[in-house]
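Written below as C-alpha cells is the structure these notes are about.
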Amino acid sequence: MQNADNAGGLEAAKTEVQRKSLEQRGQMDELMRVRHSCAHILATAVLRLWPDALLDIGPPTAEGFYYDFDLPSHRFTPEDFPRIEEEMRKVIKENQVFERSVVTRDEAREHFAKLGQRFKVERLGDIPEGEAISFYRNGEFVDLCAGPHVMRTGNVKPSAFRLLKVASAYFRGNEKNPQLQRLYGTAFKAKEDLEVWVHQQEEAKRRDHRRIGAEMGLFAFDSEYVGPGLPLWLPKGTVLVEELERLAKETEFAAGYVRVRTPHLAKEKMYLTSGHLPYYAESMFAPMEFKEAEADEVASRYYLKAMNCPHHHRIFAAEPRSYRDLPLRLAEYGTCYRYEQSGELFGLMRVRSMQMNDAHIYLTPEQFAAEFNAVNEMYLKYFKIFGLDRYLMRFSTHDPAKLGQKFVNEPELWKQTEDMVRDVLKSSGINYVEVPNEAAFYGPKIDVQVWSAIGREFTIATNQVDFAVPKRFGLVYRDRDNSERTPLCIHRAPLGTHERFIGFLIEHYAGNFPLWLAPEQVRVLTIGDEPRLEEHAKGLVAELRSQGVRAEADLTTNPIKGKIQEAETARVHTMLVLGARDLDAGVVSVRLHGKGPQGAKPRADIIASIVDAIRTRAA
RNA sequence: GCCAGUGUAGCUCAGUGGUAGAGCAACGGUUUCGUAAACCGUAGGUCGUCGGUUCAAUCCCGACCACUGGCUCCA
C-alpha cells in the first residue's frame, strides 16, 4: 500500500500545522503506524464479510485513516459499522503478526492478478523501477504496502478505534475514473486519546461557522428565492464585512494603494482576451445574451465577472502610463460570481457570489522584490491582528520541463521571480512549503492554507505573480528611454474574500469577536425601572454611539440574571450594568462576555477604554 | 457535477397508515429584581416540492429541490 497521491512533503507539513499538540515526531510516527495498521485490519474485516471486494489503497491521515473499496454487490452504510467493527476486533484478538516480505514486480503482479485485484495491479505500476516492492501480511490478508506497521494486530486497541463515515472517492482522485466506496475511521494509541478526540470533534462542531452564523444572526441563505451559494448578509454580519473593509482600506491607503470601482459584468471579449474563455467558462455563470440594437446580426454576450483582474487591466489601459506612475496599486473590494458545482458549496467558505480583497499592482521588474516584500508584510500584519498562527504558506512554482505548455515560456522571469519570492519567504521565517508544478500559467504564487473548525482545508488568501496577462491586454508603460514596456503584475488578496475570511474568523474566534469586530460591542443593562436609570442608560448609549461605538440598551423589566443571560448568549462583548447603587456612586459595573464581572469603574474611564480598544483593534 | 445520507414550528428535537407535539425564541399580560433564564397565557406547521400506491399518506414508493458528509475543484 502506498501513501496518498498527494506530495508527501505537503501532507507532512499540513499535518504538522494541524496537529501541533502532538509534539514529538516519534509519537506521530507511532500513531501513524497504528492508523495504517488499523486500515489493514479494516480491509481484512471487509474481505471476510465481502470476499468480492476489490481493494485500492488505505493510508493513515491526520485525522485517522481510510480504505477505498470497489464493491458493486453492496453499498456501505453506517449500519454496517457495528458488523465491520466487530470483525475488526476479531482480527485484533487473533493478534496476527504484520510480516513484511520483499517480492519481485512479477511476483506481485501475478499475486494480485490471480485475485482479480486490478486496482492493486495498476498501483504496482506507480512504484519506480529499482525500488523495493514489499508485501505486508497479517493472517490471511496480504497487501501491497511500503509500511511501516505495528508488530501485531493486537497492538491496535479494540477500544481505541472507530469507523466514522462512508464516502466516495474517485480512483486516483480523477473524476473520469470509477468511483470507489471509501470507509473512514480513526484510531489512537489509547482509548483515552480517542475520547479526547471525540470531545474535540464535538467542540469543533459547536464552532462551525454555519451554526454560529445562524445563532448570531450574521448571514442567511435563501436557496428558494435568491439561489444556492448566494449569501445574504444580515445586519450583524454586515458589521463584520464593513469592519474588514475599513481595515483593508486604511491599510492599503497607508501602503500607497489607490481605490477603483468596476462593474460586475463585462463583454465576452474581455474574457476571450484574458484567456478565461473558454478555459474557465465552466466556473462562470452562463452569459446574458441579447441584441444591443434591432439591426444587430449577432447577439452580445455579457458575463458576470469571476475575477477582477481584467477590469483592472482595462483601468491600467484607460490612461497612458509612464514608468513614473509605477508601482500602480489598484485596489477594490470587487464582487465576483463563480458558478461552483453544487456539491462544492459549503456555508460561507465556498459560495457563488463573493467580495474579494483584491488589488493589482503594476510594476517594473526592478521594483518587484521590494514590492513583493511589502505585500508579504501586509499579510503578516493582518495575521498578527487576527492572532492567526495555524496557517501554511504554499509556494507554487513552475516545472521547467513544461515551459511553453503549462507555463508561459519566460525561463528568465520564472527563475528571477521564484528566487525573489523564495528569498522573501525565507527571510521572514515563515512556515511554508514549496510545491513544484503548481504555479499559475502566468507566474508563481503563494496561497495561504488554513483549516475550518471541522478540519476542511481552505485557501484563505492568495498572492500571485503575473508576467503574461498584461501582455495579452497590450498593457504598456513608457520607460525612461522612451521605449514601450509591459509591466509585471502582482495579484494579491491577503484577506481573501469576505465570505471565506469571515467564515474562517467566526470559527477562529468561535463567535467571540474582539471588541473592534463585535457586531454588538456594548449593551447597557438596567436593574429595576426607576425613571432616572432609563434616562442614564439612554444617555450612556447615546454618548457611546456618538463616538462610533455599537451600543444598545436593554431597558426591559426582566430580572438582571435574565438580561445577562440574553447578552451572553448573543455574545455581546461588553455589558455595562447600571443599577441605583452604581448611579449613586457615579460608576458603571462592567462585565465582559465569557469573562464575567470586572468590577465597577467611573463612567468616563469606561467610555475612554472602550473607544481606545476599538481604535487600536485590540485582540 | 459524482457517490451516499438527511429534510416535522424561527431554532433544537419527539411522533404516528386514520388529517401533529415538547423546550427555547416570538407575541400579550403579571412581576421591579445586583451578574448565565421570574411567572402565566397566546399564537405559530399543506410534516421540502410534485407525482404514485391506498378508502385514507407527514409516514410506503418514485422523481425533483435543498442541505449534510465525502470526491473532484477552489478565494
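Every chain is numbered from 1 and lettered A, B, ... according to where its sequence line falls, protein lines coming before strand lines.
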Determine the Euclidean distance between corresponding C1' atoms of B/G45 and B/A25; express it in Å to zero decimal places. 16 Å
Between B/G44 and B/C3 - P atom distance, rounded Å: 43 Å
Only counting residues at least two apart or in another chain, list the ones meeting side chain to side chain donor-acceptor pair (under 3.5 Å) with A/E332. A/T262, A/H312
Which part of the nucleic acid, if any, lies within reach of A/G562 when heavy atoms closer than 4.0 Å are counted: base, sugar-phosphate only, or nothing? sugar-phosphate
Between A/S342 and B/A66, does any side-chain N or O lie under 4.0 Å from OP1 or OP2? no
Quote, to the nearest angstrom, the C1' distance that separates B/A26 from B/G10. 8 Å
On a plain distance test, is the side chain of A/T77 in donor-acceptor contact with the base of B/G5 below 3.5 Å? no
In whole angstroms, how far is the P atom of B/U32 from the CG atom of A/L555? 18 Å
B/G15 versus B/G7 - spacing of their P atoms, nearest Å: 12 Å
Would the A/W50 and A/F76 ring centres measure less than 6.0 Å apart? yes
How would you list, by chain and number, every residue that makes a ring pair (Phe, Tyr, Trp, His ring centres under 6.0 Å) with A/H311, sequence neighbours excluded? none
For nucleotides B/U19 and B/C47, find the distance between their P atoms and express it as a whole number of Å. 14 Å
Whole-angstrom distance between B/U8 and B/C13, as gauged at atom C1': 9 Å
Nucleotide by nucleotide, 5' to 3', does protein get under 4.0 Å of the base (B), only the sugar-phosphate (S), or neither (-) in nucleotides 68-75 of chain B, counting heavy atoms? SSBBBBBB
Sugar-phosphate only, base, or nothing, as touched by A/R581 at under 4.0 Å among non-hydrogen atoms: base
Specify the separation, in whole Å, of atom CZ of A/F219 and atom C1' of B/C67. 13 Å
Heavy atoms from C-beta onward define the side chain here; which of B/A38, B/C67, B/A36 lies closest to that of A/T569? B/A36
Expected output is a numbered-order residue list: members of residues 525-541 of chain A with a heavy atom under 4.0 Å from any atom of RNA chain B. What is it? A/I527, A/G528, A/D529
Looking at A/R75, I'd like to know whether one of its side-chain N or O atoms comes within less than 4.0 Å of OP1 or OP2 on B/A4. yes
Hits for ring pair (Phe, Tyr, Trp, His ring centres under 6.0 Å) against A/Y271, two or more places apart or cross-chain, chain-then-number order -> none
Are A/Y339 and A/Y337 close enough that their ring centers fall under 6.0 Å? no
Figure out the CD/P separation between A/E566 and B/U35, and round it to whole Å. 17 Å
What is the nucleic acid contact for A/D582, judged by heavy atoms within less than 4.0 Å: base, sugar-phosphate only, or nothing? base
Atom P, compared across B/U58 and B/U16: separation rounded to whole Å: 16 Å
Can a donor-acceptor pair be found between the side chains of A/H74 and A/D80 at a distance below 3.5 Å? yes
Need one value for A/A214: base, sugar-phosphate or nothing, where a base atom within 4.0 Å counts as base even if backbone is also close, heavy atoms only. nothing
Holding to side chain to side chain contact (heavy atoms under 4.5 Å, CB included), I want the full list of residues that pass it with A/K165, two or more places apart in sequence or in another chain. A/Y184
Separation of B/C67 atom C1' from A/R211 atom CZ, nearest Å, is 15 Å
Tell me, please, which residues at least two apart from A/Y303 pass ring pair (Phe, Tyr, Trp, His ring centres under 6.0 Å). none
Partner residues of A/Y442 under the ring pair (Phe, Tyr, Trp, His ring centres under 6.0 Å) criterion, sequence neighbours left out: A/H491
By nearest-heavy-atom nucleotide on RNA chain B, the more 5' of A/E568 and A/G227 is A/E568
Salt-bridge test for A/D68 and A/R172: reply yes if a basic N is under 4.0 Å from a carboxylate O, no otherwise. no
Residues in salt bridge (Lys or Arg N to Asp or Glu O under 4.0 Å) contact with A/R571, at least two apart in sequence or another chain: A/E215
Let me know the distance between CG of A/L183 and P of B/C3, rounded to the nearest Å. 18 Å
Taken in chain and number order and not counting sequence neighbours, the residues that satisfy side chain to side chain contact (heavy atoms under 4.5 Å, CB included) with A/E344 are A/E340, A/Q341, A/R350
Just jot down the side chain to side chain contact (heavy atoms under 4.5 Å, CB included) partners of A/S589, sequence neighbours excluded, or say none. A/V577, A/D582, A/A600
Paired stems touching RNA chain B, three or more consecutive Watson-Crick or G-U pairs with both distances under 3.5 Å? B:1-7 with B:65-71, B:10-13 with B:21-24, B:26-30 with B:38-42, B:48-52 with B:60-64
Please measure how far the P atom in B/A63 lies from the corresponding atom in B/G5, and state the result in whole Å. 12 Å
